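Structure record follows, encoded as structure tokens.
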Amino acid sequence: MTDPDAVQEFETVHVPLGDRAYDVRIGEGLITTAGAHIAPLMGRKKSVFVLTDTNVAGLHLDTLKTALATAGIATEALTLPAGEATKCWAQLEVAVEWLIENRVERGDIVVAFGGGVIGDLAGFAAAILRRGVRFVQIPTSLLAQVDSSVGGKTGINSPRGKNLIGAFHQPSLVLADVSVLGTLTPRDFLAGYGEVQKYGLLGDAAFFDWLEANGPALAAGDVAKRIYAVKRAIQMKADIVVRDETEQGDRALLNLGHTFCHALEAATGYSDRLLHGEGVAIGCALAYELSARLGLCSQEAPSRVRAHLKDMKTKCDLSDIAGELPDAEALVDLMAQDKKVIDGQLRFILARDIGDSFVTADVPRDVVISVLEDALRTRG
Ligand code: GLY
């Protein structure tokens, strides 16, 4: 069976990027029908090369292999260690050499089957192998479904900073199966939610209203609400990526909360103390606080952001991060490695209101310091 429409219902967001256009399909059980979705992309040679990690392989790899076999697709799989440390030169080499050893050709398909780490690494391996082979994203975390699997940013970390080595390489298809979100720990799910609420804040006040009303039910497992939220987030991301694929302008809006987040992740050693999505949530609250401090938005806006995050029972304050943090000056210094630095000037995503954000380099360092000092003071 090669017609995915014949298999089940799913939602589609099309990403119209000319000869690099692709669909993002969102629904329940898409992994069990992955073969039917992927087969139409293939020529006569029906085999795919799956890159995954130990956690995802244990839970879902057999299901994916069976689904591919049902559509007559043979699978080779490489399982890498789970965790952010895998996004490094050494594991990239393992992945690329494995693909070469398996004689992957230009027309073949690499499947990134995992969260953001696997998606970024597998996408980058596909980008550089034979100057670019096609790849399909099957994101298994909420964060990867609403953010990293869509838009073609691929890469690994340098010892000197996150995501500093990479390429833009768009996937040929994204399958966001919301069923797998049920296997995430509540903490991982809520970390992904940090990226979901970001979309409401950066450009859709009505979506943020909806999340305030429906977020707790969505976190509790309501599938229809999960599909709606994932689709809306992806639609917003696709619209921005189509306007600005290589981040010359508007795409930086997707980094709302990330300037603070990257400093906090560096300060906590990219460890379990702070997951990326948790850092995004705290970073959004700080970006709104900074916006209010600069007189750009009312004080109600940051209060509303924090109230919603508290309602969702996810991290929203620096006091939610266990252990020591550096002082405000040191945190601002950590922001300097951010990819949004242009001509040595740090850029922030600030807001005029909920759903109304913009990019600016016009932020006095002393105001950022004062926001961070106050936030650190609440840690006692
Ligand atoms: N995660 C931000 C972007 O894809 O541009």
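Residue numbers count from 1 along this sequence. Whatever order the structure lists them in is the order used to number ligands and atoms, beginning at 1. Keep in mind it's a predicted model, so treat the numbers as computed, not measured.
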Side chain proximity check, V241 to R251, heavy atoms < 4.5 angstrom: yes
Item checked: Geometric class of the F208/H308 ring pair [parallel <30°, tilted 30-60°, perpendicular >60°] -> perpendicular
* To do: Apply the test salt bridge (Lys or Arg N to Asp or Glu O under 4.0 Å) to residues R306 and E289: give CA-CA distance (whole Å), side-chain angles for both, the deciding distance (0.1 Å), then the verdict.
  => CA-CA 10 Å; R306 291 180 62 254; E289 191 57 51; over 6 Å; no
Decide yes or no for V56 and F113: does some side-chain heavy atom of the first lie under 4.5 Å from some side-chain heavy atom of the second? yes
Every pair of nitrogen or oxygen atoms between ligand 1 and the protein that is under 3.5 angstrom apart - can you list them with their distances to 0.1 Å?
unit_1, atom_1, unit_2, atom_2, d
ligand 1, 1 (N), D147, OD1, 3.3
ligand 1, 1 (N), D147, OD2, 2.9
ligand 1, 4 (O), K237, NZ, 2.6
ligand 1, 4 (O), R251, NH2, 2.8
ligand 1, 5 (O), K153, NZ, 2.9
ligand 1, 5 (O), R251, NE, 2.7
ligand 1, 5 (O), R251, NH2, 3.3

Subject >> Quiz item: cation-pi between R232 and Y199, 6.0 Å / 45° >> reply: no
Under 4.0 Å between a side-chain nitrogen and a carboxylate oxygen: does that hold for D62 and K65?
no
